Amino acid sequence: MKIFSGSLATETNTFSPIPTGLSAYRARGYYPAGQHPDRMQMFSGPLWAARQRAVGKNWTLIEGMTAGATPAGITTRHAYETLRDELLEDLRRAGQVDIALFGLHGAMVADGYDDCEGDLLRRAREIVGPDTVIGAELDPHCHLTDAMVDSADFLVCFKEYPHTDILDRAYDLVDLCVARAEGRNTPTRAVYDCQMISIMHTSREPMRSFVDRLMAMEGKEGVLSVSIAHGFPWGDTPDMGSKVLVYTDGDQGQADALARALGEEIIGFRDQLAPPYPGADEALDQALAAKEFPVVLADSADNAGGGAPSDATFILERVLARGITDVATGPFWDPVAVQLCFEAGEGARIALRVGGKVAPVSGQPLDLDCEILALKRDAVMTGLAGTPALLGDVAVVRTRGVTIVMNTSRTQAMGTDLFTQFGVDLQAMKLIIVKSSQHFYASYSKVGRQVIYVETPGAITQDVNALPFTKRKLPKWPFKA
């Protein structure tokens with residue numbers, strides 16, 4: 001068995017003010033062919049799973065380029081075409097392969113390409129021909145397009161949000177593709193368009209039990225795989241939206257019926273999917289009224305994981321104005337403030353202008369008198385499914401009873417070691433305010449007594465009707481006609 005694997009992944013917020021160029025991929029994780037490290041990266045689950053599955057088997061695994069960028073705005077044409085062509089040339093050099101596995105996102109948009117993954121998979125199919133099995137792992141926040149589905153034998157989305165199952169789903173993909181290459185399955189597929197878009201937390205009902213049922217279906221009675229493409233609400237493409245993808249073993253009627261039934265079920269509970277999103281002051285009132293602390297507040301609209309700047313000051317300004325203390329917050333993407341802290345040194349007091357630097361969605365900068373608590377170069381936080389999340393250089397400061405983690409590599413809060421590795425005692429805090437939409441939940445729900453999702457102005461506002469869409473197709477709930 002000869003297998004090729006490589007990756008090219010980012011999530012594109014077409015409304016983000018931050019362009020995504022080659023440097024963004026090199027900063028997050030770019031590894032030329034054969035140079036992937038001995039640890040799974042978030043965007044290379046299929047490669048890592050194939051490595052593990054190959055142990056003790058007569059397989060040849062050829063590892064192509066892997067590259068991923070932190071979510072932001074549209075990828076430049078130069079960056080996409082450069083990385084795409086490098087990955088496809090690696091595939092071409094591999095010669096005839098039985099299986100080609102790709103780690104993709106599914107919501108990557110580049111200048112001139114609304115569907116980067118469909119473009120890449122179509123070109124890969126042209127290289128390998130009709131007999132090679134092509135499989136790809138996708139983030140559920142993808143735009144599931146006809147080009148993607150038609151070009152691959154199998155597409156498998158993560159099922160969990162937060163994405164704690166990256167490796168599990170990569171194993172599913174590898175196993176399905178190997179079975180296909182060995183003639184042990186004959187996949188038939190069906191896609192059902194729910195004509196809606198929503199964020200679907202699997203940490204709460206109704207999605208928790210729904211996903212549990214999906215996993216119980218797979219591998220039984222001819223059902224090979226079921227994926228829910230939640231869709232990415234902040235990507236203005238013709239194919240954005242929530243869809244169901246079903247693969248059955250040779251039974252098209254079964255695939256069609258199951259995809260429709262599951263899609264209609266999602267439509268039936270769509271009004272229950274979103275948690276409450278109080279504004280900043282209402283959220284702070286709720287948190288302070290809690291009987292037990294700490295309370296975790298999610299600054300969802302300033303989540304770098306959705307393409308936001310991660311330097312918005314809206315909640316921090318209200319915390320300071322109200323004199324609330326025993327608060328930890330971060331990560332603030334503020335390379336300038338971090339550099340100034342390193343110049344001043346640990347233990348120093350310094351006047352800093354924090355946040356509010358990138359765009360109007362960042363709010364106003366705050367001028368603060370800060371004590372520098374900790375400094376660290378090239379810091380790393382625990383990311384999704386145990387993968388490393390790069391923080392860059394970090395400065396931790398305290399001002400008026402509020403501890404702020406600032407960093408130079410834009411990323412969202414995921415592991416609690418965003419704070420604890422710098423000596424911040426989260427159990428001593430009343431409030432923990434994280435810049436993240438949901439990926440924080442896997443770790444912070446173990447620390448916080450309560451989680452509140454906050455609505456603030458930002459690049460990933462919950463009010464999708466406020467965004468200037470031009471390409472998305474209607475009708476699509478909850479968009480107004």
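Keep in mind that what you see is a predicted model, and the values were worked out from it rather than measured.
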Exercise. Going through the distances and angles, do Met1 and Glu182 end up as a side-chain contact (heavy atoms from CB on, under 4.5 Å)?
Worked result: CA-CA 9 Å; Met1 183 78 66; Glu182 293 177 344; 3.7 Å; yes

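- Look at Arg189 and Asp150 and you find a salt bridge, because one of the NZ, NE, NH1 or NH2 atoms lies within 4.0 Å of a carboxylate O, short of that distance.
- Distance check, rounded to the nearest 0.5 Å: CG of Leu47 to OH of Tyr31 gives 12.0 Å.
- One finds a salt bridge joining Glu160 and Arg208 here, because a Lys/Arg side-chain nitrogen approaches an Asp/Glu carboxylate oxygen to under 4.0 Å.
- How far CG of Asp172 is from CZ of Arg169: 4.5 Å, rounded to the nearest 0.5 Å.
- Using a 4.0 Å cut-off between charged nitrogen and carboxylate oxygen, Lys357 and Asp311 do not count as a salt-bridge pair.
- Because its NZ or CZ atom is both nearer than 6.0 Å to the ring centre of Tyr171 and within 45° of the ring axis, Arg53 counts as a cation-pi partner of that residue.
- Annotation: His105 is not in aromatic contact with His143 [ring centroid separation under 6.0 Å not met].
- Centroid-to-centroid, the aromatic rings of His439 and Tyr441 stay 6.0 Å apart or farther.
- Looking only at atom types and distance, the side chain of Glu86 has a donor-acceptor partner in the side chain of Tyr30 under 3.5 Å away.
- The aromatic ring centroids of His201 and Tyr453 lie less than 6.0 Å from each other.
- Here Asp256 does not pair with Arg260 in a salt bridge; the nearest charged N to carboxylate O distance is not below 4.0 Å.
- Put simply, CG on Leu144 and CG on Leu138 are 7.0 Å apart, with the number rounded to the nearest 0.5 Å.
- Expressed to the nearest 0.5 Å, how far CG of Leu88 lies from CE of Met65 amounts to 8.5 Å.
- Across every non-hydrogen atom of Gln364 and Thr313, the tightest pair is O-OG1, 2.7 Å.
- A cation-pi arrangement is found for Lys435 relative to Phe332, the charged atom lying closer than 6.0 Å to the ring centre and inside a 45° cone about the ring normal.
- The distance from the CZ atom of Phe158 to the CE atom of Met42 is 5.5 Å, given to the nearest 0.5 Å.
- In terms of heavy atoms, Pro46 sits closest to Val174 at O-CG2, 4.0 Å.
- Using a cut-off of 4.0 Å between Lys/Arg side-chain N and Asp/Glu carboxylate O, Lys159 and Asp165 are scored as not salt-bridged.
- Just one residue in the list Phe469, Trp234, Phe232 forms a ring pair (Phe, Tyr, Trp, His ring centres under 6.0 Å) with Phe15, and that residue is Phe469.
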Which pairs would a plain distance check flag for residues 222-231, meaning a side-chain donor or acceptor within less than 3.5 Å of a matching protein atom at least two apart in sequence or in another chain?
| residue | atom | partner | partner atom | Å |
| --- | --- | --- | --- | --- |
| Ser227 | OG | Cys157 | N | 3.0 |

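- Judged by the 6.0 Å distance and 45° axis criteria, Arg213 is not positioned over the aromatic ring of Phe210.
- Using a cutoff of 4.0 Å between basic side-chain nitrogens and carboxylate oxygens, Asp236 and Arg472 are not scored as salt-bridged.
- With no hydrogens or angles considered, no side-chain donor-acceptor pair links Gln438 and Ser300 at under 3.5 Å.
- Ion pairing between a basic and an acidic side chain is recognised when a charged N comes within 4.0 Å of a carboxylate O; Arg123 and Asp85 show no such pairing.
- The pair Arg51-Asp38 meets the salt-bridge criterion, with a side-chain N (NZ, NE, NH1 or NH2) lying under 4.0 Å from an Asp/Glu carboxylate O.
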